[in-house]
Amino acid sequence: MSISSSNPTQNGSVKNNDTLHNISQIEESAFSKLLDRPRPLNMERQRSFDERSLADLAIGFSPRLSSRLSSENFTRLIDNYDQTPSPGRRSDFNTPRSQIGFEQHPMVAEAWDALRRSLVHFRGQPVGTIAALDSTEENLNYDQVFVRDFVPSAFAFLMNGEPEIVKNFILKTLRLQSWEKKIDRFQLGEGVMPASFKVLHDPVRNSETLIADFGESAIGRVAPVDSGFWWIILLRAYTKSTGDSSLAELPECQKGMRLILSLCLSEGFDTFPTLLCADGCCMIDRRMGVYGYPIEIQALFFMALRCALLLLKHDHEGKDFIERITKRLLALSYHMRTYFWLDLKQLNDIYRYKTEEYSHTALNKFNVIPDSLPEWIFDFMPIHGGYFIGNVSPARMDFRWFCLGNCIAILSALATPEQSTAIMDLIESRWEELVGEMPLKVCYPAIESHEWRIITGCDPKNTRWSYHNGGSWPVLLWLLTAACIKTGRPQIARRAIELAETRLLKDSWPEYYDGKLGRYIGKQARKFQTWSIAGYLVAKMMLEDPSHAGMVSLEEDKQMKPLMKRSHSWTC
């Protein structure tokens with residue numbers, strides 16, 4: 001069946017019980033009750049983030065915006081956004097299509113020019129953005145469209161009222177998913193999404209074809225686990241932004257989601273609801289000791305499940321997946337909030353753990369040896385604050401901080417409101433370590449010496465405080481900003497953005513920075529890295545129009561309360 005788009009719905013309302021639920025109606029519903037209430041319910045629209053905290057902290061946004069926003073006016077701003085948006089809704093703030101006379105930072109126009117130069121066209125239509133436009137370096141695979149890399153670009157175009165490129169990208173990658181995928185003689189799962197693709201021009205035949213990489217060309221030959229999750233998240237963002245549910249309603253999109261979910265929800269030997277992954281399966285795509293159950297994948301998994309719950313039709317096939325998703329979300333949220341969460345109290349508990357406990361009442365369920373606690377964690381953990389650690393598996397806890405996983409945990413509501421507050425407290429308390437002179441550390445701390453040799457295999461690109469090993473990545477600005485808006489802490493994002501603005505343009509938009517403080521342009525960093533450019537633009541647009549955060553922010557399920565709360569740091 002060929003993929004074609006039907007006319008966009010004007011109001012996104014539920015047409016019948018077999019039609020995709022309107023995103024705004026269902027988003028805030030309690031998925032923990034979907035098993036008992038499979039039929040769609042008409043609910044009063046809820047906020048996508050905490051309007052009261054944003055109004056109280058409006059001073060943290062654009063000075064000109066905050067000066068004219070009373071609490072009442074701020075509420076009206078959110079109300080205007082929460083009304084069903086029309087397709088192609090444009091940002092009212094710092095974008096080339098802005099209609100309101102806000103003062104524009106000089107970097108914004110430069111960033112938009114650079115972003116548009118990175119556009120990739122296929123048969124006359126824009127279908128994505130290449131990874132980097134650095135003419136001084138060999139292309140390698142930086143001339144390809146990466147699924148994860150395109151996400152901030154997609155949000156920038158959606159916020160600027162240009163959804164067509166996002167729609168094209170979603171459909172093209174969906175078509176690639178249906179290709180036969182083989183590495184050597186082994187065939188990958190049908191639902192695997194590509195890591196990247198490129199457009200091959202044949203001047204002789206005057207034709208263009210797409211070439212996809214499903215991991216067979218990647219370092220270590222690892223399939224991208226995160227690509228499918230980002231695809232679902234982006235489909236939900238497109239639907240939320242445009243009010244056009246017809247794209248997600250396409251049988252091809254519904255099937256694509258089900259294929260991705262089939263890979264993740266299949267039964268096996270695991271005793272945990274988390275996903276078991278190989279090293280190099282996500283943004284950290286080289287050997288960095290993130291094998292097992294990395295926080296980045298678990299948080300993206302949780303968010304993709306919640307987005308799929310909003311997008312799947314309640315037809316015969318959809319209902320089965322909705323039931324499986326609901327059960328998995330309940331188990332996953334409990335597991336993550338209980339075993340991955342670390343604050344001062346939990347750290348002290350682990351420090352006092354007994355080992356070799358054989359019973360259902362064991363406190364040390366993973367038999368973690370207290371002597372394996374790294375020395376740095378005791379000084380790093382503040383009195384006020386906490387975070388989701390990098391990995392938890394039998395006899396192993398990776399205590400490193402990973403920025404992407406913790407920000408997604410906030411945005412997906414995997415983190416409780418209290419845990420979200422504690423994560424923001426940690427970022428403020430450990431600003432020099434996690435932000436330094438250039439936001440933001442992809443992970444902290446760096447591994448070095450003998451540990452570096454064993455974990456990375458002596459990787460010359462991931463030396464200490466470089467690249468994925470404690471490097472500083474400007475692209476993470478957009479995730480931090482969205483998390484700050486949701487938690488009512490926009491002043492943190494503003495501080496980070498202003499810090500980045502002192503150097504990003506001058507340094508030609510590097511991919512990453514090196515050094516403990518992020519002071520040096522990365523030794524192998526590409527210039528004009530597209531997601532560094534797009535991440536900055538999205539952060540700026542969200543900060544100046546916080547309603548945009550609704551595209552990537554999900555509200556907490558009020559019915560799904562954690563059975564155990566370990567952190568009390570926010571009440572100290």
Side-chain angles (χ1 to χ4, degrees), residues 3 5 20 23 120 122 126-129 131 144-158 163-179 181 188-198 210 212-215 218 223-242 244-265 275 277 281-283 285 296-313 318 321 325 404 408 411-412 479 531 534 551-552 554:
I3 298 179
S5 174
L20 171 67
I23 292 295
V120 173
F122 178 67
V127 293
T129 51
Q144 299 187 21
V145 180
F146 281 82
V147 172
R148 76 175 67 93
D149 290 40
F150 178 68
V151 171
S153 296
F155 278 106
F157 287 117
L158 287 174
E164 198 62 29
I165 181 177
V166 181
K167 183 176 182 179
N168 294 340
F169 172 85
I170 289 171
L171 292 176
K172 288 296 179 289
T173 48
L174 181 64
R175 181 72 62 87
L176 294 173
Q177 184 197 39
S178 65
W179 286 12
K181 301 173 274 285
L188 277 66
E190 190 178 359
V192 174
M193 280 287 186
S196 62
F197 65 88
K198 68 182 299 182
L210 292 177
D213 176 16
F214 292 92
V225 177
D226 61 338
S227 288
F229 298 153
W230 280 123
W231 187 87
I232 293 174
I233 292 167
L234 192 56
L235 180 60
R236 180 261 173 188
Y238 173 89
T239 307
K240 176 78 173 178
S241 171
T242 64
D244 175 13
S245 60
S246 64
L247 178 61
E249 287 178 342
L250 288 175
E252 294 85 357
C253 284
Q254 292 288 310
K255 180 182 177 181
M257 280 189 286
R258 292 195 301 267
L259 288 175
I260 295 169
L261 295 169
S262 294
L263 290 174
C264 308
L265 299 174
L275 284 182
C277 305
C281 65
C282 51
M283 176 184 175
D285 59 359
E296 177 177 335
I297 291 298
Q298 313 315 321
L300 286 171
F301 180 34
F302 184 87
M303 189 165 194
L305 289 179
R306 292 204 61 192
C307 290
L309 202 60
L310 307 172
L311 297 168
L312 285 170
K313 291 183 179 181
F321 277 93
I325 289 171
L404 192 152
I408 291 293
L411 296 172
S412 65
L479 286 164
W531 70 353
M551 291 186 202
V552 72
L554 298 172

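Any value given below was found using the heavy atoms of this structure, including those in side chains, with hydrogens, waters and symmetry copies removed.
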For the student: nearest non-hydrogen atoms of [X] and [Y], plus distance:
{"X": "Val166", "Y": "Phe157", "answer": "CG2-CB, 4.4 Å"}
{"X": "Val552", "Y": "Leu411", "answer": "O-CB, 3.6 Å"}
{"X": "Cys282", "Y": "Arg148", "answer": "O-NH2, 3.2 Å"}
{"X": "Ser245", "Y": "Thr239", "answer": "CA-CG2, 3.9 Å"}
{"X": "Cys264", "Y": "Phe301", "answer": "CB-CE1, 3.5 Å"}
{"X": "Lys240", "Y": "Met551", "answer": "CG-CA, 4.2 Å"}

Between [X] (side chain only) and [Y] (backbone N and O only), is there a donor and an acceptor less than 3.5 Å apart?
{"X": "Glu252", "Y": "Leu174", "answer": "no"}
{"X": "Asp213", "Y": "Ala195", "answer": "no"}
{"X": "Gln254", "Y": "Ala248", "answer": "yes"}
{"X": "Arg306", "Y": "Ser412", "answer": "yes"}
{"X": "Ser227", "Y": "Pro194", "answer": "yes"}
{"X": "Ser241", "Y": "Ala237", "answer": "no"}
{"X": "Gln177", "Y": "Met193", "answer": "no"}
{"X": "Arg258", "Y": "Phe321", "answer": "no"}

Min side-chain heavy-atom separation [X]-[Y] under 4.5 Å:
{"X": "Cys253", "Y": "Trp231", "answer": "yes"}
{"X": "Leu235", "Y": "Met257", "answer": "yes"}
{"X": "Leu275", "Y": "Phe229", "answer": "yes"}
{"X": "Arg175", "Y": "Phe197", "answer": "no"}
{"X": "Val147", "Y": "Phe169", "answer": "yes"}
{"X": "Leu554", "Y": "Leu310", "answer": "yes"}
{"X": "Ile233", "Y": "Ile408", "answer": "no"}
{"X": "Leu263", "Y": "Val225", "answer": "no"}

[X] side, atom [atom1]; [Y] side, atom [atom2] - distance, nearest 0.5 Å:
{"X": "Leu247", "Y": "Tyr238", "atom1": "CG", "atom2": "OH", "value": "5.5 Å"}
{"X": "Met303", "Y": "Ile232", "atom1": "CE", "atom2": "CD1", "value": "11.5 Å"}
{"X": "Ile260", "Y": "Ser262", "atom1": "CD1", "atom2": "OG", "value": "10.0 Å"}
{"X": "Cys307", "Y": "Arg236", "atom1": "SG", "atom2": "CZ", "value": "5.5 Å"}
{"X": "Phe214", "Y": "Trp179", "atom1": "CZ", "atom2": "CH2", "value": "7.0 Å"}

message: For Leu265 and Leu305: C-alpha separation, side-chain torsions, deciding distance, then whether side-chain contact (heavy atoms from CB on, under 4.5 Å) applies.
response: CA-CA 10 Å; Leu265 299 174; Leu305 289 179; 4.2 Å; yes
field: Chi angles and distances behind the side-chain contact (heavy atoms from CB on, under 4.5 Å) call for Leu312, Ile325
entry: CA-CA 11 Å; Leu312 285 170; Ile325 289 171; 3.8 Å; yes
